[in-house]
Amino acid sequence: MPELPEVETVARDLRAALVGRQVMAVQLGHPKVLRFPVPDVFRAVFPGQHVDAVTRRGKFILCELRSGEDLVFHLGMTGHLRVCDPDVPAPKHTHLRATLDDGRELRYDDARRFGRILLGPRAVLEDSRVLPVLGVEPLSDEFTATRLDAVLRSTTRTVKAALLDQRGVAGLGNIYIDEACHLAGVRPQHRCHTLTRVQRAALHDAIPAVLLSAIRNRGSSIDDYRDLWNAKGTNQERLQVYGRGGRPCLRCGAILRHATVAGRTTVWCPTCQK
DNA sequence: ACTCTTTCCTGTGAGC
DNA sequence: TGCTCACAGGAAAGAG
């Protein structure tokens with residue numbers, strides 16, 4: 001389940017593999033994964049392009065092309081980007097193969113097809129809403145306590161629902177919201193408008209902390225997340241609450257509870273979190 | 001305007 | 001052993 005740390009790990013490796021490369025040939029798979037533009041236009045526009053930069057915004061990976069357009073990937077739940085030799089067997093649900101000028105191949109595969117590929121000038125992608133408006137980057141200087149307060153104080157929703165909303169803070173998902181809430185001592189089902197200033201400040205500290213720690217560990221390979229080279233991250237071994245419902249809290253020993261909050265399986269410690 | 005629920009998808013594993 | 005079925009969840013659409 002790629003969230004910000006997994007996407008950041010892939011984006012960093014992709015930057016080293018792709019910047020300066022030229023795309024020679026393109027092969028598309030299932031038509032629905034390429035959301036924009038239509039396949040014929042994509043096939044006409046993409047080959048010959050040079051990659052000038054690779055960046056991340058929320059859970060999106062943006063490959064900036066010399067033409068001024070962006071090639072954008074969202075990995076959904078089961079999407080994988082890979083760079084490998086062309087003779088490596090491709091997985092069953094491979095939706096994009098791009099031959100590079102160094103002889104390697106960029107691939108995107110996604111069994112569940114929740115992910116997406118976009119290509120176009122940034123302004124066009126945003127105007128056509130295939131690239132959504134995203135909130136503040138939690139690892140940027142703009143992620144101030146005041147900025148998070150603005151997100152949390154303006155709503156009656158649960159903390160879980162508010163932090164899942166990419167328009168407020170970009171890049172958080174089920175895993176790292178539960179982890180940040182545990183570190184901050186805040187229950188995910190707590191209503192935002194009833195949080196104390198101390199609780200909001202604790203979340204402001206905890207969010208970057210869990211994300212940076214996960215990036216250092218190259219992400220959490222819970223289900224089938226793999227990096228650009230098909231290797232697992234190690235952060236799944238460090239998770240305090242995610243996937244541990246019914247087992248003891250690693251901090252206090254109480255049995256971790258779990259329930260559906262904002263439509264997602266959510267785990268918390270009944271004594272550490274208020 | 002805001003919040004909550006449902007839908008999209010397929011692989012996996014529990015249970016019979 | 002082989003089958004069914006619930007479950008996983010990011011984001012968007014639909015309902016309230």
Side-chain angles (χ1 to χ4, degrees), chain A residues 1-11 29-36 56-62 72-81 90-96 108-118 125-135 137-138 150-181 188-195 207 211 214 219-226 230 232 235-236 239 241-246 258-268:
Chain A
M1 287 141 248
E3 302 178 22
L4 190 152
E6 291 77 30
V7 177
E8 178 66 23
T9 301
V10 171
H30 196 285
K32 283 191 74 174
V33 175
L34 175 67
R35 307 291 179 105
F36 190 93
R56 177 192 58 74
R57 181 76 176 95
K59 297 172 195 169
F60 290 84
I61 294 172
L62 300 101
V72 181
F73 294 98
H74 191 295
L75 304 179
M77 283 192 60
T78 52
H80 301 111
L81 278 167
K92 185 177 169 188
H93 302 284
T94 298
H95 306 299
L96 174 68
Y108 178 74
D109 74 87
D110 186 358
R112 226 167 295 180
R113 303 206 298 267
F114 277 20
R116 59 205 50 202
I117 302 171
L118 316 170
L125 299 179
E126 288 173 352
D127 289 348
S128 58
R129 298 179 182 223
V130 289
L131 187 60
V133 176
L134 297 171
E137 281 291 330
V151 172
L152 296 176
R153 296 180 72 180
S154 62
T155 179
T156 62
R157 289 192 288 180
T158 60
V159 170
K160 182 80 178 224
L163 293 179
L164 279 169
D165 189 341
Q166 302 296 298
R167 294 170 299 184
V169 180
L172 298 175
N174 203 28
I175 297 171
Y176 297 104
I177 292 172
D178 279 12
E179 292 298 312
C181 283
Q189 63 273 48
H190 203 115
R191 295 279 163 181
C192 288
H193 66 294
T194 66
L195 289 170
I207 289 167
L211 296 176
S220 302
S221 290
I222 298 295
D223 201 356
D224 67 355
Y225 163 74
R226 298 292 185 278
N230 205 31
K232 289 187 178 188
N235 199 63
Q236 63 280 5
L239 296 175
V241 284
Y242 179 87
R244 300 195 63 250
H258 60 101
T260 298
V261 179
R264 297 289 173 261
T265 300
T266 299
V267 186
W268 73 94

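Lettering follows sequence order; numbering is per chain, from 1.
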What pairs with [X] under side chain to side chain donor-acceptor pair (under 3.5 Å), at least two apart in sequence or on another chain?
X: A/H193; result: none
X: A/H93; result: none
X: A/S220; result: A/Y176, A/N235
X: A/E137; result: A/R56, A/R57

Considering just the side-chain nitrogens and oxygens of A/T265, establish if one lies under 4.0 Å of OP1 or OP2 belonging to C/dA8.
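The answer is yes; a side-chain N or O of A/T265 sits under 4.0 Å from OP1 or OP2.
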Under 4.0 Å protein heavy-atom contact, by nucleotide of nucleotides 11-16 of chain C - B base, S sugar-phosphate only:
BS----
What residues form a salt bridge (charged side-chain N to carboxylate O under 4.0 Å, His left out) with A/K160, not counting sequence neighbours?
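Applying salt bridge (charged side-chain N to carboxylate O under 4.0 Å, His left out) to A/K160 gives A/D178.
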Which residues share a salt bridge (charged side-chain N to carboxylate O under 4.0 Å, His left out) with A/R167, sequence neighbours left out
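By the salt bridge (charged side-chain N to carboxylate O under 4.0 Å, His left out) rule, A/R167 matches A/D165.
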My understanding is that only residues two or more places apart in sequence, or in another chain, count here; which of them pass side chain to side chain contact (heavy atoms under 4.5 Å, CB included) with A/A259?
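In terms of side chain to side chain contact (heavy atoms under 4.5 Å, CB included), with neighbours along the sequence ignored, A/A259 is linked to A/W268.
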Bending between helix ends of the helix from B/dC2-C/dG16 to B/dC16-C/dG2 [5 pairs per end, 10° resolution]:
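About 50°, once rounded to a multiple of 10°.
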Which pair of heavy atoms, one from A/E3 and one from A/N174, lies closest together, and at what distance?
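That closest heavy-atom pairing would be OE2-N, 3.1 Å.
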Are any protein N/O atoms closer than 3.5 Å to N/O atoms in nucleotides 10-14 of chain B? If there are, list each pair with its distance.
from   : atom 1 : to     : atom 2 : distance (Å)
B/dT10 : OP1    : A/R113 : NH1    : 3.2
B/dT10 : O2     : A/R112 : NE     : 3.4
B/dG11 : OP1    : A/H93  : NE2    : 2.6

Results of ring-ring contact (aromatic ring centres under 6.0 Å, His included) for A/Y108 - residues two or more places apart only:
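A/F73.
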I'd like a table of atom pairs between the protein and nucleotides 1-3 of chain B - only N or O on both sides, under 3.5 Å - with the distance next to each one.
from  : atom 1 : to     : atom 2 : distance (Å)
B/dT3 : OP1    : A/T155 : OG1    : 2.7
B/dT3 : OP1    : A/T156 : N      : 3.0
B/dT3 : OP1    : A/T156 : OG1    : 3.3
B/dT3 : OP2    : A/T155 : OG1    : 3.4

